[in-house]
Amino acid sequence: MRLDHLSYAAGPDGLISTAKRIGELLGQDFVDGGVHPRFGTRNMTLPLRGGIYLEVVEALDHPASDKAPFGQAVKARSALGGGWMGWVVSVEDMAPVEERLGRPWVDGNRHLPDGTALRWKQIGINGLIADPQLPYFIHWLTPELHPGNAGSDVTLTCIEISGEKQRVKDYLADEFKERTDPYTGRPAEDVAMHWVAEHGTPGLLAAQFTTPNGDVRI
């Protein structure tokens with residue numbers, strides 16, 4: 001189990017403009033990630049050092065975005081003006097997560113502009129909607145095509161979460177606890193987690209990056 005990526009919902013200016021604005025802050029361009037046909041969404045991605053990536057995602061005017069929980073989550077965050085939607089952890093085996101959450105995973109896929117198909121399993125979007133401090137889980141069926149494989153000069157150093165650290169650690173279960181620092185709760189080798197506003201509105205508040213042009217907080 002490790003940090004896989006962060007999701008940022010597009011604002012009123014739309015997917016392309018939101019991705020351009022964030023890319024300019026980080027000094028790196030996003031690439032077209034394609035459409036998620038099952039979810040009624042599309043994204044643009046930016047690789048980060050260490051095999052992690054950042055996505056900006058937008059809901060499409062399509063029935064799937066009203067039916068699929070992921071589409072619903074994106075629409076809800078964009079309706080509030082856009083911003084951080086959530087964080088995602090990857091797992092090697094989805095079965096223990098299914099058993100713990102008491103529901104099955106769903107298939108996810110998208111096609112890159114060149115027609116290449118990315119495929120994965122995911123679970124936990126309903127948990128994210130109910131309690132936005134919680135991550136959702138992903139298992140890649142095409143790990144060789146992972147958006148973080150491209151490499152980058154941008155490093156994610158910290159994510160800031162409003163919520164209760166113990167609540168999140170309990171949700172992620174024993175495997176995560178054993179592989180994270182007991183005090184900072186690091187979900188990846190060099191990414192710290194800062195817990196703020198325990199009694200405030202829960203969710204991913206900000207992310208800190210180191211870039212060739214200096215440190216950036218978004």
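The first residue in the sequence is number 1, and the count goes up from there.
Annotation: Ile16, atom CD1; neighbour count of heavy atoms from other residues, nucleotides and ligands within 6.0 Å does not exceed 12. Heavy-atom neighbours of Glu99 CD from other residues, nucleotides or ligands within 6.0 Å: at or below the threshold of 12. Dense packing is recorded around NZ of Lys121, with more than 12 heavy atoms of other residues, nucleotides or ligands lying under 6.0 Å away. Enclosure of atom CG in Asp61 is not indicated, since only 12 or fewer non-hydrogen atoms of other residues, nucleotides or ligands lie within 6.0 angstrom.
Two different hydrophobic clusters hold Tyr53 and Ile218 under the rule that ILVMFWY side chains link at heavy-atom gaps under 4.5 Å. There is no path of hydrophobic side-chain contacts, each under 4.5 Å, that joins Ile129 to Leu6. Hydrophobic cluster membership differs between Tyr171 and Ile125, with clusters built from Ile, Leu, Val, Met, Phe, Trp and Tyr side chains linked at under 4.5 angstrom. Hydrophobic clustering (side-chain heavy atoms under 4.5 Å, transitive across Ile, Leu, Val, Met, Phe, Trp, Tyr) keeps Met44 apart from Met85. Leu3 and Val57 are not part of a single hydrophobic cluster, where members link through side-chain heavy atoms under 4.5 Å apart.
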Test log, rule side chain to side chain contact (heavy atoms under 4.5 Å, CB included), inputs Ile52 and Val191: CA-CA 10 Å; Ile52 303 169; Val191 182; 3.9 Å; yes
Working for side chain to side chain donor-acceptor pair (under 3.5 Å), residues Glu160 and Gln208: CA-CA 8 Å; Glu160 300 175 24; Gln208 299 176 27; 2.6 Å; yes
Residue pair Trp140, Asp4: steps toward the side chain to side chain donor-acceptor pair (under 3.5 Å) verdict: CA-CA 10 Å; Trp140 286 93; Asp4 188 82; 3.1 Å; yes
Gln122 and Phe39: CA distance, side-chain angles, deciding distance, side chain to side chain contact (heavy atoms under 4.5 Å, CB included) verdict: CA-CA 12 Å; Gln122 70 181 50; Phe39 308 144; 3.7 Å; yes
Intermediate values then yes/no, side chain to side chain donor-acceptor pair (under 3.5 Å), Gln28 and Ser152: CA-CA 8 Å; Gln28 185 168 324; Ser152 175; 2.8 Å; yes
Evaluation steps, side chain to side chain contact (heavy atoms under 4.5 Å, CB included), between Ile123 and Leu101: CA-CA 9 Å; Ile123 190 173; Leu101 299 186; 4.0 Å; yes
From CA spacing to verdict: side chain to side chain contact (heavy atoms under 4.5 Å, CB included), Leu15, Val56: CA-CA 7 Å; Leu15 176 68; Val56 176; 3.6 Å; yes
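Counting heavy atoms from C-beta on, the side chains of Asn109 and Asp107 never come closer than 4.5 Å. The shortest distance between side-chain heavy atoms of Val91 and Arg2 does not fall below 4.5 Å. Counting heavy atoms from C-beta on, the side chains of Leu60 and Val35 come closer than 4.5 Å. You'll find the side chain of Arg21 reaches within 4.5 Å of the side chain of Thr18, heavy atoms only. Inter-residue side-chain proximity for Leu204 and Pro132 is flagged as unmet; no heavy-atom pair is nearer than 4.5 Å. Looking only at side-chain heavy atoms (C-beta outward), Val31 and Leu46 stay at 4.5 Å or farther from each other. Contact check for Leu25 versus Phe209: no side-chain heavy atoms found under the 4.5 Å cut-off. Between Trp87 and Gln133, every side-chain heavy-atom pair lies at or beyond the 4.5 Å cut-off.
Taken to the nearest 0.5 Å, the CG atom of Asp170 stands 12.0 Å off from the NZ atom of Lys165. How far CG of Leu141 is from CD of Glu144: 9.5 Å, rounded to the nearest 0.5 Å. The NZ atom of Lys20 sits 13.5 Å away from atom CD1 of Ile22, with the distance rounded to the nearest 0.5 Å. Expressed to the nearest 0.5 Å, how far CD of Glu98 lies from CG of Asp93 amounts to 8.5 Å. Note that CZ of Arg103 is 5.0 Å distant from CG of Asn126, once rounded to the nearest 0.5 Å. Here the OG1 atom belonging to Thr155 is positioned 10.0 Å from the CG atom belonging to Asp215, to the nearest 0.5 angstrom.
Partner Pro135 forms a side chain to side chain contact (heavy atoms under 4.5 Å, CB included) with one of Val88, Leu128, Leu172 and no other, that one being Leu172. Among Val89, Ile138, Leu156, Leu48, the one residue that satisfies the side chain to side chain contact (heavy atoms under 4.5 Å, CB included) test with His5 is Ile138. Checked options Asn43, Thr41, Thr45; the residue passing with Glu55 is Asn43 (criterion: side-chain hydrogen bond (donor to acceptor under 3.5 Å, both in side chains)).
Taking the six-membered ring for Trp and thresholds of 30 and 60 degrees, Tyr8 and Trp84 have ring planes more than 60 degrees apart, a perpendicular arrangement. Phe70 and Tyr136 have perpendicular rings, their planes meeting at more than 60° on a 0 to 90° scale where under 30° would count as parallel.
Listed here is the closest heavy atom pair of Pro47 and Gly148: CB-CA, 4.2 Å. Nearest heavy-atom pair across Leu145 and Leu118 is O-CD2, 3.6 Å. In terms of heavy atoms, Ala64 sits closest to Arg38 at CB-O, 3.9 Å. Gln72 approaches Asp66 most closely through the heavy-atom pair NE2-O, 2.9 Å. Across all their heavy atoms, Ala10 and Glu58 have their closest contact at CB-CB, 4.1 Å. His146 approaches Gly51 most closely through the heavy-atom pair CE1-O, 3.2 Å.
Salt-bridge annotation for Asp32 and Arg42: absent, with no side-chain N of the basic residue lying under 4.0 Å from a carboxylate O of the acidic one.
A donor and an acceptor atom, one from each side chain of Thr211 and Asp153, are nowhere located under 3.5 Å apart.
The closest donor-acceptor contact from the side chain of Thr142 to the backbone of Arg119 lies under 3.5 Å. Listed for the Ser65 side chain is a donor-acceptor partner under 3.5 Å among the backbone atoms of His62. The backbone N or O of Val74 lies less than 3.5 Å from a partner atom in the side chain of Ser78, making a donor-acceptor pair.
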